[in-house]
Asker: 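Take this structure first; my questions come after.
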Amino acid sequence: MVMTRRSMHKTKTVPAIRSLRDYLDEQDQLLDTVMRVLNKEYKAIKERRLAELDAISEEKSSCMLKLQANDQRLKLHPQADLLKTEFLPRVNAIKAKLTQCKQQNEVNGKLISLAMASNRRLSAVLMNARDKMSKNMTYTDKGNTVATGPLRVNTNV
């Protein structure tokens, strides 16, 4: 099947459906890109460069959408049955790459969870320290705060 596209002055013939090999090549390249993005994400999390994570997350989402769209094209391809025979070694290599990406994504997720737990613990310690300090704070007659030691009340009067 051939479609034609008209640009301003010339007609160009473009195949409507590309070959399976083209789609597999694209899938392979997309997975390489995903792995680079995941490695970038890992480094950013590890080095606490949190400002970079939003852009990395958008890049990762974009790659995932492209992967899904390409995967759908492969499934709907008229020669999709060749993926189970002629192209099986290539499909298996791509699946192995996908598994590596999933594993790296899980590692990144665990690292994010650990960082969040660490931040919660630090926040709790700081709030506890603040609360202990504020218990021992009093105000002077001019309205300034002064730290005092723990109140010692003598009950043996």
Asker: Look at the side-chain heavy atoms of Ile, Leu, Val, Met, Phe, Trp and Tyr, link any pair under 4.5 Å apart, and say whether L31 and M35 land in one connected group.
Answerer: no

Asker: Under 3.5 Å, is there a donor-acceptor pair between the side chain of S113 and the main chain of G109?
Answerer: yes

Asker: Can you check salt bridge (charged side-chain N to carboxylate O under 4.0 Å, His left out) on D25 and R90, steps first, answer last?
Answerer: CA-CA 9 Å; D25 288 345; R90 184 80 190 275; 2.7 Å; yes

Asker: To the nearest 0.5 Å, what is the distance between NZ (K95) and NZ (K102)?
Answerer: 10.0 Å

Asker: I'd like to know if L98 and V37 are part of one continuous hydrophobic network [Ile/Leu/Val/Met/Phe/Trp/Tyr, side-chain heavy atoms within less than 4.5 Å].
Answerer: no

Asker: Counting N and O atoms only, with roles assigned by atom type, does the side chain of N70 sit under 3.5 Å from a partner on the main chain of Y23, one being a donor and the other an acceptor?
Answerer: yes

Asker: Looking at L83, L88, L82, which hits side chain to side chain contact (heavy atoms under 4.5 Å, CB included) with E86?
Answerer: L82

Asker: In this structure, would L38 and Y42 fall into the same cluster of hydrophobic residues linked by side-chain contacts under 4.5 Å?
Answerer: no

Asker: Let me know which of K66, R21, R18 forms a side-chain hydrogen bond (donor to acceptor under 3.5 Å, both in side chains) with E26.
Answerer: R18

Asker: Should the pair K75-D71 be classified as a salt bridge under the 4.0 Å nitrogen-to-oxygen rule?
Answerer: yes

Asker: Can you see which heavy atom on A44 is nearest to which on L53, and at what distance?
Answerer: CB-CD2, 3.9 Å

Asker: Under the 4.5 Å side-chain heavy-atom rule for ILVMFWY, direct or indirect, which residues accompany L122?
Answerer: L126

Asker: For N108 and Q104, what are the C-alpha separation, side-chain angles and deciding distance, and is it a side-chain hydrogen bond (donor to acceptor under 3.5 Å, both in side chains)?
Answerer: CA-CA 6 Å; N108 292 1; Q104 184 61 50; 2.9 Å; yes

Asker: Please determine whether residues V107 and M116 belong to a single hydrophobic cluster, defined as Ile, Leu, Val, Met, Phe, Trp and Tyr linked transitively by side-chain heavy-atom distances below 4.5 Å.
Answerer: yes

Asker: Is the backbone of Q72 close enough, under 3.5 Å, to the side chain of H77 for a donor and an acceptor to pair up by distance?
Answerer: no

Asker: Scan the side chains in residues 54-63 for donor-acceptor partners under 3.5 Å anywhere in the protein, sequence neighbours excluded, and list what turns up.
Answerer:
from, atom 1, to, atom 2, distance (Å)
E59, OE1, K40, NZ, 2.9
K60, NZ, E41, OE1, 3.2
K60, NZ, E41, OE2, 3.1
K60, NZ, N105, OD1, 2.9
S61, OG, S57, O, 3.2

Asker: Using every non-hydrogen atom in the two residues, find where K97 and D32 come nearest and quote the distance to one decimal.
Answerer: NZ-OD1, 2.7 Å

Asker: Counting neighbours of CZ on R49 that are heavy atoms of other residues, nucleotides or ligands and sit closer than 6.0 Å, is the number greater than 12?
Answerer: yes

Asker: Which distance, rounded to the nearest 0.5 Å, do you find between the CG of L67 and the CG of L30?
Answerer: 5.0 Å

Asker: Would you name the heavy atoms of R48 and A115 that are closest together and state the gap between them?
Answerer: NH1-CB, 3.7 Å

Asker: Hey, could you give me the CG/CD1 distance between L111 and I45, rounded to the nearest 0.5 Å?
Answerer: 5.0 Å

Asker: Nearest 0.5 angstrom please: T99 OG1 to N92 CG, how far?
Answerer: 10.0 Å

Asker: Are V91 and L20 linked, directly or through other ILVMFWY residues, by side chains that come within less than 4.5 angstrom of each other?
Answerer: yes

